[in-house]
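Comments concern the structure below.
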There are 2 protein chains.
Amino acid sequence: MTDTVPAPGRSRSGPSIADVAQLAGVSSQTVSRVSTGADNVRPATRERVLAAMEQLGYSPNHAARALRYGSFGTIGVIAHRLARTGESRTVEAVVEAARAEGYTVSLVDVQSPSSDDVTAAAARLSHQSIDGLVIIRAETATPASLAVPPRMPVVVSDSRFVGHHPAVAADQVTGTHLAVQHLLDLGHRTVHHLAGPADSAPAEIRVDTWREHLVGSARVVPAVVRGDWSARSGYEQGRLLAADPDVTAVFCANDEMAAGLVRALYEQGRRVPDDISVVGFDDIPLTEFLWPPLTTVQQDFHLIGSRLVDLLLRQIRDRETLTDSRIVVPTRLVVRASTAAPRA
Amino acid sequence: MTDTVPAPGRSRSGPSIADVAQLAGVSSQTVSRVSTGADNVRPATRERVLAAMEQLGYSPNHAARALRYGSFGTIGVIAHRLARTGESRTVEAVVEAARAEGYTVSLVDVQSPSSDDVTAAAARLSHQSIDGLVIIRAETATPASLAVPPRMPVVVSDSRFVGHHPAVAADQVTGTHLAVQHLLDLGHRTVHHLAGPADSAPAEIRVDTWREHLVGSARVVPAVVRGDWSARSGYEQGRLLAADPDVTAVFCANDEMAAGLVRALYEQGRRVPDDISVVGFDDIPLTEFLWPPLTTVQQDFHLIGSRLVDLLLRQIRDRETLTDSRIVVPTRLVVRASTAAPRA
DNA sequence: CCGCCGGATGTTGACGTCAACATCGACCGG
DNA sequence: CCGGTCGATGTTGACGTCAACATCCGGCGG
């Protein structure tokens, strides 16, 4: 519970309400009334106060207001690797939606997705400096182990937290089914899978759904190939997959890895989609301009972000308790040129 | 100066220091001592207080501390289009560096890069809820017009603010010279430029430097072609450029546009680099895995982010006044396979 | 002409924390 | 055995704001 505080920033705080009051020749309460927009102030007085504010460059002290109101007008966001496509787009949407509702966003980027790190980040953020918490993709954290302060509204973008915290998640299951079925429909006997890291929940959902779909369709289930979301890892695994003549279709857990994979396949003389079909996941903006344009599963990160804020604000403002609510954001398959019927 | 505050979040604030004090049978000051890590508390007492904290789930009220200390331990970040590569990586680095120094980050994403929007965002953030402000790429904002509260430490990632605010910027000038010279060295008679939007300062710097370099080398200066940073715009402009037989080398203001451009060139039957050489800017992670791997100018966004925090904290902590300080972060040319000598 | 009423403005206290100062008690040296 | 001293703990007030209540004033009805 001990805690350090940055160097006491003494005295950089600007003029206070009292300074304005003195200059305007009114009481501080009148200044307060003007600054909160109360209507029972005589126009002439209001003018005088506004002029004084202007002259002094006054702006209300947020800390004092927060103390008084018990609310910061701020929501905390915990993300893992912020610069990654899905994360940054989700965060962008959260920031936008939050602003539209009059809230600012405090951001923490945890180094590792472990429960401990997330919990520590939550604690750091929480000390009442935020009104609620958005946790974006709490990878390995298992539902029970995620400790957030009591009474802190939380929303998680991870469907596994259903029953523990309200959640918003893309419909990865349907997206994966669509991708695999698309490849089977084209005539491929089975589909290989280039997965994300095993400590990622979305990666695991995609693996499980892919396997399930193949089993349900009575197809051979090839060994899972693992990448780490990066294009480089896709490239490396692609070099290996290229050597396997049985591979005719690969479903990749994200577009970056798919791009690396495609590149490796070409270098090994395997054409896409002539020799091997490739499907990605996410539909990042570049996907359409890769060669060949990538067939992929589109996720609406923007919608996820705004739904997260919706759900969080319902808890914050309306005191709703939503532990088991869950919003699923649809995904869809975007067919481009990286998939085709197998050769023979 | 009037201002609204989100619904008075009454009573969600947890137990206070007084509750802990009562439970532990000590005064609130002793609790305060324990929570700030003062050493003059008897171990047995400390234990009792910690136990009470644990039992009540106490955590210090950040608003009260902020009020007391006059500091929030928070820095504000204003970014324009957060999901864009450079922005998200810079923000990630800022968040990371800030955390290492014990600060959290409050994020605002402005819709338009206009001065007004940035100024409004600064005002929103500033109400003393932050100790300093990082403005990432204040596109059209001209130096004089950027109004931030008096005494608010500010740092800008835009070299044009030198003399107004401390700035950290990538060395775009050198990067551009390197790119253009590389193409000239390969034997191209001149270099076309696919620029970013005219309201972007970095885009304009690249345009100016490109033009200057061509003039200095006594080359023909082709008309500038404009995109909007997106791959799609690169694709669209690429279709036009492909029709011009004089085009043998294109310097693109970012990698996304370069990717779209390359795709369009291929579709029109122009090979890269055989028929046309292409250079990008940024070195985003996918660049290396495009086909062909893109020659590009690398910017170290991570370094920019941490330098921004350095510079800001020097102002916040040490009360330094740094209006005219400027840090230039080097860029370098990464030569891959998208550039070659012209055909004839 | 007096008292009442309502709108404008002022005064007080509380939000939670912590620094400064006050107090209390035990132990030590003379 | 007593005064002194120092470490542990308690008390007070202030940070800036705003709600609740108090006050003051002019105008209007009786």
Side-chain angles (χ1 to χ4, degrees), chain A residues 1-22 24-49 53 56 58-73 126-129, chain B residues 1-22 24-49 52-53 56 58-73 127-129:
Chain A
M1 263 331 136
T2 60
D3 189 34
T4 52
V5 169
R10 291 252 142 274
S11 80
R12 211 214 58 255
S13 59
S16 83
I17 206 171
D19 301 319
V20 176
Q22 182 171 14
V26 297
S27 78
S28 60
Q29 181 53 24
T30 300
V31 177
S32 170
R33 278 193 262 261
V34 170
S35 98
T36 50
D39 55 349
N40 50 346
V41 177
R42 207 156 32 119
T45 311
R46 177 185 304 276
E47 281 312 310
R48 214 146 25 95
V49 171
M53 284 176 169
L56 266 46
Y58 166 83
S59 66
N61 182 314
H62 202 72
R65 275 199 176 168
L67 177 58
R68 187 98 223 305
Y69 285 121
S71 156
F72 265 78
S126 63
H127 298 315
Q128 267 91 333
S129 67
Chain B
M1 259 337 132
T2 60
D3 189 33
T4 52
V5 168
R10 291 253 143 271
S11 78
R12 211 215 57 257
S13 60
S16 82
I17 207 172
D19 302 317
V20 175
Q22 182 170 16
V26 298
S27 77
S28 61
Q29 181 53 25
T30 301
V31 176
S32 170
R33 277 192 264 260
V34 170
S35 96
T36 50
D39 56 349
N40 51 346
V41 176
R42 207 156 32 117
T45 310
R46 177 186 303 275
E47 281 312 311
R48 215 147 24 95
V49 171
M53 283 177 170
L56 266 48
Y58 166 83
S59 66
N61 181 313
H62 203 72
R65 277 199 175 168
L67 177 58
R68 187 94 225 302
Y69 284 121
S71 155
F72 265 78
H127 296 317
Q128 266 91 336
S129 67

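Each chain gets a letter, A, B and so on, in the order its sequence line appears, and its residues count up from 1.
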Legend entry - Which nucleotide in D/dC18, C/dG10, C/dA19 has an atom nearest any side-chain atom of A/V26: C/dG10
Inset, instruction - Starting at atom CZ of B/R65, determine the distance to atom P of D/dA14, rounded to an integer number of angstrom. - result: 22 Å
Inset, instruction - With the side chain of B/R68 defined as its heavy atoms from C-beta on, choose the nearest nucleotide among C/dA14, C/dT17, D/dT11. - result: C/dT17
Inset, instruction - Using only heavy-atom distances, decide whether a donor-acceptor pair under 3.5 angstrom links the side-chain of B/R33 to the base of D/dG10. - result: yes
Inset, instruction - Could you check whether B/V41 gets within reach of a base, just the sugar-phosphate, or nothing at all, counting any heavy atom under 4.0 Å? - result: sugar-phosphate
Inset, instruction - Look at the side-chain N and O atoms of B/Y58 and state whether any lies under 4.0 Å from the OP1 or OP2 oxygen of C/dT17. - result: yes
Inset, instruction - Mind calculating the distance between CD1 (A/I17) and C1' (D/dA19) to the nearest angstrom? - result: 12 Å
Inset, instruction - Ignoring backbone atoms, test whether A/T45 places a side-chain nitrogen or oxygen under 4.0 Å from the OP1 or OP2 oxygen of C/dT9. - result: yes
Inset, instruction - With the side chain of A/A64 defined as its heavy atoms from C-beta on, choose the nearest nucleotide among C/dG16, D/dG16, D/dT9. - result: D/dG16
Inset, instruction - Between A/L67 and B/N40, just flag the one whose closest nucleotide in DNA chain D comes earlier from the 5' side. - result: B/N40
Inset, instruction - Establish, with yes or no, whether the OP1 or OP2 oxygen of C/dC18 is under 4.0 angstrom from a side-chain nitrogen or oxygen of B/S35. - result: yes
Inset, instruction - Without swapping roles, check the side chain of B/T36 against the backbone of B/S32 for a donor-acceptor pair under 3.5 Å. - result: yes
Inset, instruction - Spell out, as yes or no, whether a donor-acceptor pair under 3.5 Å connects the side chain of B/R33 to the backbone of B/A38. - result: no
Legend entry - CD (A/Q29) with more than 12 external heavy atoms under 6.0 Å: yes
Inset, instruction - Could you work out which one of C/dG10, C/dC18, D/dT17 sits closest to the side chain of A/P60? - result: D/dT17
Legend entry - Any donor-acceptor N or O pair under 3.5 Å, side chains B/R65, B/S35: yes
Inset, instruction - Over 60° means perpendicular and under 30° means parallel, so classify the ring planes of B/F72 and A/F72, tilted if in between. - result: perpendicular
Inset, instruction - Taking only the side-chain nitrogens and oxygens of B/R42, find out if one of them lies under 4.0 Å from OP1 or OP2 of D/dG7. - result: no
Inset, instruction - For A/S32, report the nucleic acid contact type (base, sugar-phosphate, nothing); a contact means any heavy atom under 4.0 Å. - result: base
Inset, instruction - For A/T30, report the nucleic acid contact type (base, sugar-phosphate, nothing); a contact means any heavy atom under 4.0 Å. - result: sugar-phosphate
Inset, instruction - When you get a sec, tell me which of C/dG13, C/dG10, D/dA14 is the closest nucleotide to the side chain of A/Q29? - result: C/dG10
